[in-house]
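Single-structure report; data block below.
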There are 2 protein chains.
Amino acid sequence: MRRDVFQAIADPTRREIIHLLAAKPLNLNAVAENFDISRPAVSKHIRILTECGLVAIRQQGRERFCYAELQALKQVAEWTDQYRAFWNKKLDALGAFLGKEEQASRKKKK
Amino acid sequence: MRRDVFQAIADPTRREIIHLLAAKPLNLNAVAENFDISRPAVSKHIRILTECGLVAIRQQGRERFCYAELQALKQVAEWTDQYRAFWNKKLDALGAFLGKEEQASRKKKK
DNA sequence: ATTTTGTGTAACCGAAAGGTTTCATTTATC
DNA sequence: GATAAATGAAACCTTTCGGTTACACAAAAT
């Protein structure tokens, strides 16, 4: 089981669940009502989300309220951030490369 | 085939490939040398990355140079950004919820 | 006490993911 | 021209994924 944040947010249903829970905590059935899939399927998604820390659960009687704990998303934000230059300044990696390539093929001394 | 950016970056090998290519373009074999998996496996990862626009390829003779085109990561950055409050201010969704719950259970008028 | 409600769990499924090996093809090189 | 290099593509395999149905059980509500 890999179970890291990147894998957790890869599924659109899970991202939608995060969206719902970020607005307000919901018990499992309430979350499930927002989807066409079965309740156990939603339950599995929530399990995955809790396993990587994005969602926490608070048992209250027979109900289990799920709430968002999105600190783990910081990881993702930091990862993408290191490439921010690529979409801010339309950085042309290829162009830079082509220049270097020519030099390289010129000295070709292994 | 889903093939969106979130799914593409879910795999650690693909994130590593992005990392390599962001530094400089490489042909397929050069990329593959950085991993323990077979060359065709790397080739498949790169296909996925090109399919969602994160990597582009420039054929040059028999070689295919791959380079990073990370504008698509903006999507991811924007998605995570909407939850930034959750890790910056340690926003306590549960606490807010508990308050509301008590009120709700008090008026309980359906 | 009985019934309803909210959930977990188990068994099972088909499809997709991530890999591998093998073979074909095109482009350089000797 | 023969050979080596750089890849694509196909066939196949094992796991994981996302879902389902069926069943069990504790907590609430009647």
Side-chain angles (χ1 to χ4, degrees), chain A residues 1-18 20-21 25-52 54-67 97 101 104-106 108-110, chain B residues 1-18 20-21 25-52 54-67 97 101 104-106 108-110:
Chain A
M1 255 172 296
R2 198 144 38 79
R3 212 72 9 158
D4 62 90
V5 186
F6 287 92
Q7 180 255 343
I9 63 171
D11 184 87
T13 300
R14 284 196 289 270
R15 289 200 298 278
E16 181 67 19
I17 290 176
I18 287 173
L20 289 170
L21 296 181
L26 295 171
N27 67 29
L28 252 157
N29 280 340
V31 173
E33 278 167 13
N34 290 277
F35 301 92
D36 286 338
I37 59 179
S38 70
R39 194 260 310 160
V42 171
S43 184
K44 281 189 187 176
H45 281 305
I46 289 183
R47 164 183 291 275
I48 290 171
L49 290 170
T50 58
E51 279 174 0
C52 69
L54 288 170
V55 163
I57 292 180
R58 187 161 191 286
Q59 184 104 25
Q60 203 154 31
R62 67 183 159 184
E63 292 179 72
R64 312 184 77 214
F65 285 94
C66 310
Y67 55 98
F97 153 71
E101 257 307 281
S105 67
R106 207 156 289 154
K108 194 96 154 312
K109 292 293 169 79
K110 183 204 177 282
Chain B
M1 254 172 296
R2 200 137 44 78
R3 211 78 0 159
D4 62 89
V5 185
F6 288 91
Q7 180 256 343
I9 63 170
D11 185 89
T13 302
R14 283 196 289 270
R15 289 200 298 279
E16 181 67 19
I17 290 176
I18 287 173
L20 289 170
L21 295 181
L26 294 171
N27 65 31
L28 253 157
N29 280 341
V31 173
E33 277 168 13
N34 290 277
F35 301 92
D36 287 337
I37 59 181
S38 69
R39 194 258 312 156
V42 171
S43 184
K44 282 188 187 178
H45 281 306
I46 289 183
R47 163 184 294 275
I48 290 171
L49 291 170
T50 58
E51 279 174 0
C52 68
L54 288 170
V55 162
I57 293 180
R58 187 161 192 285
Q59 185 102 27
Q60 205 155 30
R62 65 182 160 184
E63 291 178 75
R64 311 184 76 214
F65 285 95
C66 310
Y67 55 98
F97 154 71
E101 257 308 282
S105 66
R106 207 155 291 152
K108 198 108 155 297
K109 294 293 167 84
K110 182 204 181 288

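The chains referred to below are lettered A, B, ... by the order of the sequence lines, with proteins before strands, and numbering in each begins at 1.
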Open item on the list: Is A/Asn27 close enough to C/dT7 that one of its side-chain N or O atoms is under 4.0 Å from OP1 or OP2 there?
Closed with: yes
TODO: Rounded off to whole Å, could you give me the CG-to-P distance for the A/Leu26 and C/dT5 pair?
DONE: 19 Å
Open item on the list: Whether A/Arg15 engages the ring of B/Phe6 as a cation-pi pair (distance to the six-membered ring centre under 6.0 angstrom, angle to the ring normal within 45°) should be assessed.
Closed with: yes
Open item on the list: Is the phosphate of C/dT27 approached by B/Gln60 (side-chain N or O, under 4.0 Å from OP1 or OP2)?
Closed with: no
- [ ] Send over the distance from B/Phe35 CZ to C/dT20 P, rounded to a whole Å.
- [x] 13 Å
Open item on the list: Go through it in stages, so that I can follow the logic: the residues are B/Ile46 and B/Ile57, the test is side-chain contact (heavy atoms from CB on, under 4.5 Å), and I'd like the CA-CA distance, side-chain angles, deciding distance and then a yes or no.
Closed with: CA-CA 9 Å; B/Ile46 289 183; B/Ile57 293 180; 4.2 Å; yes
Output a table of nitrogen or oxygen pairs between the protein and nucleotides 1-4 of chain D separated by less than 3.5 Å.
none

Open item on the list: Please confirm whether the shortest side-chain N or O distance from B/Gln59 to OP1 or OP2 of D/dA6 is below 4.0 Å.
Closed with: no
Name each donor-acceptor pair under 3.5 Å that joins a side chain in residues 26-41 of chain A to protein atoms two or more places apart or in another chain, with its distance.
{"unit_1": "A/Asn27", "atom_1": "OD1", "unit_2": "A/Asn29", "atom_2": "N", "d": "3.2"}
{"unit_1": "A/Asn27", "atom_1": "OD1", "unit_2": "A/Ala30", "atom_2": "N", "d": "2.8"}
{"unit_1": "A/Asn27", "atom_1": "ND2", "unit_2": "A/Glu63", "atom_2": "OE1", "d": "2.6"}
{"unit_1": "A/Asn34", "atom_1": "ND2", "unit_2": "A/Ala30", "atom_2": "O", "d": "2.9"}
{"unit_1": "A/Asn34", "atom_1": "ND2", "unit_2": "A/Val31", "atom_2": "O", "d": "3.4"}
{"unit_1": "A/Ser38", "atom_1": "OG", "unit_2": "A/Ala41", "atom_2": "N", "d": "3.3"}

Task: Distance test, side-chain N/O of A/Arg14 to OP1/OP2 of D/dG18, below 4.0 Å - done: yes
Open item on the list: Working to the nearest 0.5 angstrom, can you tell me the gap between B/Ile17 CD1 and B/His45 NE2?
Closed with: 6.0 Å
Task: A/Ile37 CD1 to D/dG19 P, straight-line distance once rounded to whole Å - done: 4 Å
Task: Nearest-angstrom distance from the residue atom CG of A/Asp11 to P of D/dT16 - done: 17 Å
Open item on the list: So if I take residues 42-50 of chain B and measure heavy-atom distances to DNA chain D, which residues fall below 4.0 Å?
Closed with: B/Ser43, B/Lys44, B/Arg47
TODO: Please determine, for the side chain of B/Leu28, which listed nucleotide (D/dT7, D/dT20, C/dG19) has the closest atom?
DONE: D/dT7
Task: Atom pair CG (B/Asp4) and CG (A/Asp11), whose distance is rounded to the nearest 0.5 Å - done: 9.5 Å
Open item on the list: Just N and O in the side chain of A/Ser38: are any of them under 4.0 Å from OP1 or OP2 of D/dT20?
Closed with: yes
Open item on the list: Tell me whether B/Arg14 contacts the main-chain N or O of B/Ala8 through its side chain, where contact means a donor paired with an acceptor under 3.5 Å.
Closed with: yes
Open item on the list: Working to the nearest 0.5 angstrom, can you tell me the gap between A/Ile9 CD1 and A/Ile18 CD1?
Closed with: 7.0 Å
TODO: Select from A/Thr13 and A/Arg39 the residue whose nearest nucleotide in DNA chain D is closer to the 5' end of that strand.
DONE: A/Thr13
TODO: List the steps, then state whether side-chain contact (heavy atoms from CB on, under 4.5 Å) holds for A/Gln60 with A/Arg58.
DONE: CA-CA 6 Å; A/Gln60 203 154 31; A/Arg58 187 161 191 286; 3.6 Å; yes
- [ ] Using the closest heavy atom to pick a nucleotide of DNA chain C for each, name whichever of A/Pro40 or B/Gly61 lands nearer the 5' end.
- [x] A/Pro40
Open item on the list: If the cut-off is 4.0 Å, is B/Asn29 near the phosphate of D/dA5, judged by side-chain N/O to OP1 or OP2?
Closed with: no
